[in-house]
> 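Could you have a look at this structure, given as structure tokens, before my questions?
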Amino acid sequence: MGTALAAPGLLLLLLLLAGTAGLCRALFSLPLRVSHPAAPAGSPPAPVVLRPASGSRQQDAPGAADGLALASDPGGTLNFLAMVENLQGDSGRGYYLEMLIGTPPQALNILVDTGSSNFAVAGVPDPDVTSYFNPELSSTYRSEGIEVTVKYSQGSWTGVLGTDVITMPKGLYGSYTINIATILESENFFLPGVKWHGILGLAYDALAKPSSSVETFFDSLVKQAKIPNIFSLQMCGAGLPVSGSGTNGGSLVLGGIEPSLYSGDIWYTPIKEEWYYQVEILKLEVGGQNLQLDCREYNADKAIVDSGTTLLRLPEKVFSAVVQAIARTSLIQEFSSEFWTGTQLACWDRTEKPWSLFPKLSIYLRDENSSRSFRISILPQLYIQPILLIGDNMQCYRFGISSSTNALVIGATVMEGFYVIFDRAQRRVGFAVSPCAEVDGSPVSEIEGPFTTEDVASNCVSSVSFHEPVLWIASYALMSLCGIILLVLIVLLLIPPRCQHRYTDNDVVNDESSLVRHRWK
Ligand SMILES: *[C@@H]1O[C@H](CO)[C@@H](O)[C@H](O)[C@H]1NC(C)=O
């Protein structure tokens, strides 16, 4: 951002000016008035306070903050075994959970997305959804009358905020009042063939739209059901055709960890910042060979764990290094660049499995002990993905890795290898080997550690993060300041070098409009 970079220089000028101004005894008074929406720095403009109509006044359960709950409580609300296999789907079109919304209940399939924070369902018929929620048929629905738009890396929707009760046939017992956006209009959001009718955003309230004051589904659940602030996710599609029958299983365990869903140890990496599930990646290896990039490249401009993203997405620089390394290791030189960019499939005779031709891919994550790391590895069975085609003797595959301009995304391609624990209470994400990540009886994922972090920087995550509201406000304040200084300079240039007394009460600088206009990207 050029303007921001110019700021230090202009600040110096300001200091010089202040000196000059001192000589001329308080020449310029420059009231900078940032008017009301900006009031206390850090709070989003015009907050919309939305809480569920009832139940939210309950106090948190005494144990709720402790997080880890290893054993389920078969008689009570928490019965983890009842949640095993409560998901359906595939990596291509996502994993979804059945929910009953409203009174009387309307059954809908809801996509599980750890990369957003709104709960939204189709609210009107759409050619690409087989079912939708009709608020008019629900006696418990309350509209807030507030319009909301959410954009994803692919697709967007606009809807209206409201609240209603939900139950989960294979989730927690009981009904809960939650915020629901009913989608009235969407673009590239519901796609042909998807079997879900809504989205469950499980990330932090910082990402909730139109503002973080819209309590998220999981926060409502933690408060009302008094469950520990943790959930875990197992997606079982390894080695199965993407966008195939769409009936691969999976489990979303709300409130804890179900021991039958993993083997070996759980390795935890700290959550760097609570918006997405942002983690810190230290190193990448292809076939055991370190890519040797500056570790900040792996986190440019963030590394997140997102079940709502199909592929493993890599920042452009990292992506081209990975493709080069895979092409080199695989010894398959005749691959066209279209295979790597995802616009072409590679096909082999059905009797041949191409996986032995490809290397293992390892991602090193920082351990809770910051001088250690651990690595999660995916075998080619996870990233060279079979596609269901009407082919005779051929089986075709697609490349399960793509490039991104603004993030490294640990999406379904990688998550299908692991049982992933979103331990919000202890601000960490855990990975364990998932027993369903097997192809032909052999595991297709591995976790190993600990490793030393002596060979990497002590911090691979850029500290300047412009997604923070406070930083946006600060940056705009700084830019306004630059503007003022420029004005002063111009005035100084225009006025002959005499000390002129001049009060600029009329020259009120008001950057409110730019603040509001640019606040939400
Ligand atoms: C963290 O890891 C280092 C290196 O393995 C070890 O020497 C140190 O004792 C660990 N610290 C804690 C608090 O466990």
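Note that the structure is predicted; figures quoted are calculated from it, not measured. Atoms within each ligand, like the ligands themselves, are counted from 1 in listed order.
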> Thr114 side chain to Ser307 main-chain N or O, any donor-acceptor pair under 3.5 Å?
yes
> Taking Gln385 for the side chain and Leu382 for the main chain, is one N or O donor matched with an acceptor at less than 3.5 Å?
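Yes, the answer is positive, given that a donor and an acceptor are paired below the 3.5 Å cut-off.
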> Whether Asp219 and Arg424 form a salt bridge (side-chain N of Lys/Arg under 4.0 Å from carboxylate O of Asp/Glu) is what I want to check.
yes
> Please tabulate, for side-chain N and O atoms in residues 435-446, each donor-acceptor pair with protein atoms closer than 3.5 Å (sequence neighbours left out).
unit_1 : atom_1 : unit_2 : atom_2 : d
Ser445 : OG     : Gly417 : O      : 2.6
Glu446 : OE1    : Lys360 : NZ     : 2.8

> Check ligand 1 for close polar pairs with the protein: N or O on both sides, less than 3.5 Å.
unit_1   : atom_1 : unit_2 : atom_2 : d
ligand 1 : 2 (O)  : Asn369 : OD1    : 3.4
ligand 1 : 2 (O)  : Asn369 : ND2    : 2.4
ligand 1 : 2 (O)  : Ser371 : OG     : 3.2
ligand 1 : 2 (O)  : Arg372 : NE     : 3.1
ligand 1 : 5 (O)  : Arg372 : NE     : 2.9
ligand 1 : 11 (N) : Asn369 : ND2    : 2.9
ligand 1 : 14 (O) : Asn369 : ND2    : 3.4

> Tell me whether the rings of Phe374 and Phe431 are parallel (<30°), tilted (30 to 60°) or perpendicular (>60°).
tilted
> Can you confirm whether more than 12 heavy atoms, excluding those of Glu338, are under 6.0 Å from its CD atom?
yes
